[in-house]
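Inspection log for the structure reproduced underneath, given as C-alpha cells.
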Amino acid sequence: MAKNTKSKQKNRRLITAALPYINNVPHLGHIVGSHLPGDIFARYSRARGYETLYIGGTDENGSTSEIAAFKLNVPVEKFSDKLYKEHKKIYDWFEISYDNFSRTSKSIHHETVKEFFEVINKKGFIEKNKMKVFYSPTENMFLPDRYVVGECPKCGYPDASGDQCEKCTSVLDPSQLKNPKSTISGGKLEIRETEHLFLKLDSLSPKLKKWIQSNKYFREQVRSLAMGWINEGLKPRCITRDLKHGVKVPLKEFEKKVFYVWFDAPIGYVSSTKEITKEWEKFWKDEKSEVYNFLGKDNIPFHTIFWPGMVIAHGEFNLPKNVIGLQYLNYEGQKFSKSKGIGVFCERLPELKLEADIWRHYLTQVIPETSDSEFRWKDFQERVNSDLIGNYANFVNRVLNFIYTKLNGKITKPSAKDLQDIDKKLLKKIEEKRKSIEDLMEKAELRKAYSEILELSSEGNKYINDSEPWNVIKEDPKRANNIFYTSSFLLKNLAILFAPYLPKTSEKVWKQLNLEGSPCNPGAWEEAEKDFGKEHTINKPELLFKKIEDKEIEEYKKITSRGTDLNDLFK
RNA sequence: AGCGGGGUAGAGCAGCCUGGAGUGCUCGUCGGGCCCAUAACCCGGAGGUCGUGUGGUUCAAAUCCCACCCCCGCUACCA
C-alpha cells in the first residue's frame with residue numbers, strides 16, 4: 001500500500017507516439033509501430049495512478065504532404081483535412097486513448113515552434129550558412145534530394161538518385177548529377193544557392209553523449225544507433241527549407257522560408273500538450289515529469305539526437321526518460337505495400353466485424369520490440385482462438401457460468417482457515433505475477449508483460465481443473481463457493497491487468513462480475529488487491545468472442561489487402 | 001557495396017544483454033485425464049549435435065569473442 005502512494009506522488013507521465021505524416025492512410029505497421037504500444041503504456045500509466053497525458057497528432061508540414069497534394073491536384077489544406085480525418089478515425093477505432101490528437105497545421109503549433117526557435121536562437125545555437133538546393137521551375141518549388149534523379153557522372157545511368165547511383169553503386173553528391181530532373185513532373189531542375197539556418201548540433205554533442213550513455217532505460221538498439229551518430233561526429237543540421245507550406249521562420253531575411261519538418265514536428269508534442277491543458281509546463285518542465293517517446297526505427301536518430309539536441313539548446317524542457325524505438329512489421333514474409341496490395345490496411349478493418357480488442361490482442365504479440373516481426377493470418381487466427389479465446393475468454397466463461405448456474409450467481413467470502421493450500425498457492429501466484437508484470441511494464445516490455453498475463457490466466461484454468469468444483473459441489477457446496485470466490489478474485493485481477501491491452505474486454509468482464517467503476521479508470525490498479533466483500537452477486541455471463549473460422553480468414557485477407565486509393569478520396 | 005536484423009524440435013517464436021544440465025510458449029503429432037467451460041480445459045510422450053568451425057575465453061557457452069556460410073530488410077512516396 002505504501003508503495004502505491006509513493007508512486008502516485010512520484011511522477012507524472014507524458015507519453016508520445018511519433019506524429020504520422022499524412023501523405024497516406026496508415027496500415028497495421030503504423031499502428032503496431034507506435035500508436036498501440038504508446039497506448040498500452042499510457043493506459044497502464046493511468047491505471048497505476050500516474051498523472052498521464054498521451055499526446056499525438058498529424059505531421060502536416062514539409063514537402064511530403066505538399067507534394068502528395070500536388071500530385072492529386074488538390075489544395076494542401078483540403079488534402080490535410082481529409083487525411084487528418086482518416087487517421088483520426090482509424091486510431092479511434094483501435095481505441096487509442098490519445099488525450100489530444102492535434103495537427104501541426106494549427107496556429108498554436110506555429111506559435112510554439114516560433115517561440116521555441118527564438119529561445120535557442122537567443123542562446124546562440126543557431127547559425128547561418130549557404131546551401132545549394134535543386135529548384136524546379138515546373139513545380140515552382142525547391143525539391144528535396146529524394147525527388148531528384150539525374151544521369152550518373154560515372155556510368156551514365158540516367159536514373160541515378162541524388163545520393164547514390166544504384167547501377168554502379170558509386171556514392172554521389174546531388175550536385176554532381178547531370179541533367180537533374182524532378183521525379184514528380186520530370187521537369188528540368190536548376191541549382192540555386194540559398195542561405196539557411198543550422199542548429200549547431202556539434203556544440204551540443206558532449207551533452208548529448210552524456211545523456212545517451214547515462215540513460216539506463218534505452219534498449220540496446222536505440223543506444224547503439226544514437227551512439228553511432230555521436231561517434232561519427234555531429235555536424236550542424238539545416239533546420240530551414242524553401243517551401244511554401246510550413247511554419248514560417250521568424251527572422252527578417254528568412255521570411256520566405258519555413259522550418260524543416262524535423263525541426264517543427266517534435267515541437268508538435270509540446271503544442272499538442274499546450275492545446276489541452278493550461279498546466280502543460282508541469283508535464284514538460286517539472287522534474288517529477290517523465291517523457292516517453294514511442295516511434296518507428298527510422299525515427300530513432302530524431303528522437304535521440306536531433307530533438308534532444310533542441311531540448312538541451314533550449315534548456316527548459318525535460319529530456320525523454322525513455323525512447324522506445326520499434327522495428328518494423330512485415331506481412332506474410334513481405335514488406336507492406338499498398339500499390340501491390342500486400343498488407344492489412346486499417347481503413348478496412350471495421351468491415352470485418354472483429355472487435356478492436358481482437359486486433360490489439362494479436363498485434364501486442366507481434367509488437368516489433370527487438371526485431372522486425374511478422375503478420376501472418378494463420379498466426380493471427382491461432383493466437384486469437386487459442387490464447388485469447390481458449391485460454392482467457394474460456395476461463396472467464398467457465399468461472400462466471402459456474403457461479404451463475406450452480407451457485408445462484410452468488411459468492412461468499414471464505415474465512416482464512418477455510419482456504420486450502422491450492423487456494424493459497426493461487427493467491428500467492430497472483431501477487432507474484434502482478435509484481436513481475438509491473439516491473440516489465442515500467443520498462444515498457446509490453447510483449448513480455450502480456451505473455452505473463454496470459455500465463456496467469458492459464459494458471460486459472462489449471463486451478464479449476466485441479467480443484468474439480470463440479471465434483472466438489474455435490475458433497476461440499478461451501479468448498480465449491482470458496483473455489484469460485486478465489487477464481488473470481490483472479491478474474492478481477494486479470495481484468496485489471498489486461499485493461500491496458502484489451503480495454504473493452506476488461507470492461508465487459510468487469511460488468512459481468514458486477515463491479516463498480518471501470519478497470520480502465522485512473523488508479524484502477526489498486527482495485528486488484530480488494531476482494532469482493534462478504535457476499536457478492538454477479539451478472540449473467542455472456543460470451544466475449546467468437547472463434548475465427550478458416551473461411552473467414554480467407555475473406556478477411558481479401559478485404560483488408562485493398563488500401564484506399566488517394567485519388568478516390570478526392571473524387 | 002554500405003548499414004541493420006536474423007539462422008533454436010515438423011511450422012512460428014521466446015531464451016542471448018546479466019554464461020550454469022536444451023529451458024519455455026503457440027500450433028502440429030501421439031497417448032491419457034476431465035466433463036464446469038466456446039469440440040473448450042488439464043496431464044504426459046515423441047521430436048533439437050541451438051547455421052558452420054571437432055575455433056577462442058571459461059570449471060561451465062544457445063548465451064561472451066573470432067572467422068566463415070546462408071536468409072531477409074533498408075539505402076527508392078510509404079513506420
Side-chain angles (χ1 to χ4, degrees), chain A residues 17-21 23-35 63-65 67-68 71 144 146-147 149 159-166 168-171 183-184 219-221 223-225 228 294-300 325-330 333-339 343 365-366 368-374 376 378-379 381-391 393-407 447-448 451 454-455 458 460-473 480 483-484 487 541 543-547 563 566:
Chain A
L19 309 188
Y21 274 135
N23 58 331
N24 227 326
V25 184
H27 57 61
L28 271 193
H30 300 96
I31 302 299
V32 83
S34 62
H35 307 283
S63 55
T64 320
S65 49
I67 287 168
K71 281 183 180 170
R146 65 171 181 273
Y147 295 107
V149 292
D159 286 323
S161 57
D163 54 347
Q164 189 180 40
C165 172
E166 49 186 285
C168 69
T169 72
S170 44
V171 178
T183 58
I184 304 156
R219 293 215 178 99
E220 201 41 48
Q221 278 144 318
R223 191 196 320 278
S224 65
L225 200 79
F294 288 81
L295 40 114
K297 62 180 169 186
D298 58 322
N299 266 333
I300 292 173
L326 286 319
Q327 312 296 305
Y328 287 169
L329 179 74
N330 292 317
Q334 285 172 293
K335 215 187 125 192
F336 274 74
S337 166
K338 192 163 94 171
S339 52
Q365 301 188 52
V366 293
E369 281 180 333
T370 52
S371 62
D372 288 357
S373 62
E374 206 72 46
R376 287 184 208 277
K378 194 172 164 274
D379 193 37
Q381 181 189 16
E382 207 173 281
R383 295 249 175 211
V384 170
N385 288 351
S386 64
D387 291 340
L388 182 63
I389 301 179
N391 177 355
N394 174 54
F395 178 66
V396 174
N397 194 239
R398 70 196 296 205
V399 169
L400 295 178
N401 210 53
F402 198 103
I403 296 172
Y404 193 76
T405 58
K406 305 247 162 47
L407 302 173
R447 271 173 87 157
K448 259 189 214 161
S451 68
L454 283 169
E455 221 170 88
S458 180
N461 279 318
K462 229 168 272 183
Y463 171 76
I464 298 213
N465 267 60
D466 293 346
S467 46
E468 302 181 10
W470 52 89
N471 287 333
V472 169
I473 194 166
I483 292 167
F484 280 97
S487 302
L543 290 185
L544 295 169
F545 304 104
K546 222 182 83 224
K547 288 209 165 190
L566 287 185

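The shown structure was predicted, so the numbers you read here are calculated from the model rather than taken from an experiment. Just so we're on the same page: letters track the sequence lines, and every chain starts at 1.
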Close side-chain approach of A/Phe402 and A/Ile483, heavy atoms under 4.5 Å
no
Might you list the N or O atoms of the protein lying below 3.5 Å from N or O atoms in nucleotides 16-19 of chain B, with each pair's distance?
none

Would you say B/rC25 has OP1 or OP2 under 4.0 Å from some side-chain N or O of A/Ser451?
no
All N/O contacts under 3.5 Å from nucleotides 5-7 of chain B to the protein, with atom names and distances to one decimal?
none

What does B/rU29 pair with, Watson-Crick or G-U, if both distances are under 3.5 Å?
B/rG45
Remember a base hit wins even if backbone is also touched, and classify A/Leu329 as base, sugar-phosphate or nothing at under 4.0 Å, heavy atoms.
base
Atom P, compared across B/rG7 and B/rC27: separation rounded to whole Å
23 Å
Distance, rounded to the nearest Å, where A/Leu388 contributes CG and B/rA40 contributes C1':
14 Å
Of the listed nucleotides B/rC27, B/rC43, B/rC35, the one nearest the side chain of A/Trp470
B/rC35
Nearest-nucleotide comparison on RNA chain B, the residue closer to the 5′ end among A/Gly390 and A/Phe545
A/Phe545
Provide, to the nearest angstrom, the distance between the CG atom belonging to A/Leu544 and the C1' atom belonging to B/rA37.
12 Å
Candidate nucleotides B/rC78, B/rU38, B/rC42, ranked by approach to the side chain of A/Asn23 - the nearest:
B/rC78
Compare the minimum distances between each of B/rC36, B/rC27, B/rC43 and the side chain of A/Lys462, then state the nucleotide with the smallest one.
B/rC43
Of the listed nucleotides B/rA40, B/rU38, B/rC42, the one nearest the side chain of A/Asn397:
B/rU38
When you compare B/rC25 with B/rC43, how far apart are their P atoms, in angstrom units rounded to a whole number?
9 Å
Can you list the residues that meet the ring-ring contact (aromatic ring centres under 6.0 Å, His included) rule with A/Phe336, with sequence neighbours excluded?
A/His27, A/Tyr331
Whole-Å gap separating C1' (B/rC34) and CZ (A/Phe402)
13 Å
So A/Phe336, base contact, sugar-phosphate only, or nothing? Heavy-atom distance under 4.0 Å.
base
For a 4.5 angstrom cut-off between non-hydrogen side-chain atoms, does A/Leu326 reach A/Glu369?
yes
Rounded to whole Å, how long is the line connecting atom CD1 of A/Ile389 with atom C1' of B/rA39?
14 Å
If only side-chain N and O atoms of A/Ser458 are considered, is one of them under 4.0 Å from the OP1 or OP2 phosphate oxygen of B/rU26?
no
If only side-chain N and O atoms of A/Asn471 are considered, is one of them under 4.0 Å from the OP1 or OP2 phosphate oxygen of B/rC34?
no
Could you tell me if the side chain of A/Phe545 sits less than 4.5 Å from the side chain of A/Val384, heavy atoms only?
no
Does the side chain of A/Asn397 reach to within under 4.5 Å of the side chain of A/Leu543, using non-hydrogen atoms?
yes
If I pick the C1' atom on B/rG12 and the same atom on B/rG53, what distance separates them, to the nearest angstrom?
28 Å
Rounded to whole angstrom, note down the P distance from B/rC34 over to B/rG19.
46 Å
Base, sugar-phosphate, or nothing for A/Lys546, non-hydrogen atoms under 4.0 angstrom?
nothing
Using the side-chain hydrogen bond (donor to acceptor under 3.5 Å, both in side chains) criterion, which residues pair with A/Asn401? Sequence neighbours excluded.
none
Under the salt bridge (charged side-chain N to carboxylate O under 4.0 Å, His left out) test, residues paired with A/Lys297 that sit two or more places apart:
A/Asp372
Sorted by chain and residue number, the side chain to side chain contact (heavy atoms under 4.5 Å, CB included) partners of A/Asn461 (sequence neighbours excluded) come out as A/Asn391, A/Asn394, A/Phe395, A/Arg398
Is the shortest distance from a Lys or Arg side-chain nitrogen in A/Asp379 or A/Arg383 to a carboxylate oxygen in the other one below 4.0 Å?
yes
Across the strands shown, which category fits A/Asp387 at heavy-atom distances under 4.0 angstrom: base, sugar-phosphate, nothing?
sugar-phosphate
Nearest-angstrom distance from the residue atom CD1 of A/Ile483 to P of B/rA37
15 Å
Tell me which nucleotide, if any, is Watson-Crick or G-U wobble paired with B/rA9 when both distances must be under 3.5 Å.
none
Is B/rA67 paired to anything, Watson-Crick or G-U wobble with both distances less than 3.5 Å, and if yes, which nucleotide?
B/rU52
Protein-nucleotide distance (A/Lys335, atom NZ; B/rG73, atom C1'), rounded to Å
9 Å
Of A/Asn401 and A/Asn385, the one whose nearest nucleotide on RNA chain B sits closer to the 5' end is A/Asn401
Between the protein and nucleotides 10-12 of chain B, which nitrogen or oxygen pairs are less than 3.5 angstrom apart?
none

Nearest whole Å is fine: how far is B/rC25 C1' from A/Asn391 CG?
11 Å
Can you tell if the side chain of A/Leu544 reaches within under 4.5 Å of the side chain of A/Leu388, non-hydrogen atoms only?
no
What interatomic distance, in whole Å, is found between P of B/rU38 and the corresponding atom of B/rC74?
46 Å
Any base atoms under 4.0 Å from A/Ala393, or only sugar-phosphate, or nothing? Heavy atoms, all strands.
base
Inter-nucleotide C1' distance (B/rG10, B/rA67), Å rounded:
32 Å
Which part of the nucleic acid, if any, lies within reach of A/Ser386 when heavy atoms closer than 4.0 Å are counted: base, sugar-phosphate only, or nothing?
sugar-phosphate
Does any non-hydrogen side-chain atom of A/Val472 lie less than 4.5 Å from one of A/Ser467?
no
Measure CG/A/Leu454 against P/B/rC27 and give the value in whole Å, please.
11 Å
Kindly write out the residues that satisfy salt bridge (charged side-chain N to carboxylate O under 4.0 Å, His left out) with A/Lys71, not counting sequence neighbours, or none if the list is empty.
none
Identify, with sequence neighbours excluded, every residue that meets salt bridge (charged side-chain N to carboxylate O under 4.0 Å, His left out) alongside A/Lys378.
A/Glu382
A/Lys378 side-chain proximity, nearest of B/rC27, B/rU38, B/rA37:
B/rC27
How long is the span from the CG atom in A/Leu19 to the CG atom in A/Leu295, to the nearest 0.5 Å?
10.5 Å
Is there a Watson-Crick or G-U wobble partner for B/rC3 with both distances under 3.5 Å, and which nucleotide is it?
B/rG73
Scan nucleotides 28-33 of chain B against the protein and return all N/O pairs shorter than 3.5 Å with their distances rounded to 0.1 Å.
unit_1 : atom_1 : unit_2   : atom_2 : d
B/rG33 : N2     : A/Asn465 : ND2    : 3.2

What's A/Gly33 touching, base or sugar-phosphate or nothing? Going by heavy atoms closer than 4.0 Å.
nothing
Tell me every residue that passes salt bridge (charged side-chain N to carboxylate O under 4.0 Å, His left out) with A/Glu468, counting only those two or more places apart in sequence or in another chain.
none
Suppose you measure atom P in B/rU26 against the same atom in B/rA40; what distance do you get, rounded to whole Å?
14 Å
With sequence neighbours left out, write down each residue that passes side-chain hydrogen bond (donor to acceptor under 3.5 Å, both in side chains) with A/Asn385, or none if nothing qualifies.
none
Looking only at atom C1', what distance separates B/rA39 and B/rG33, rounded to whole Å?
16 Å
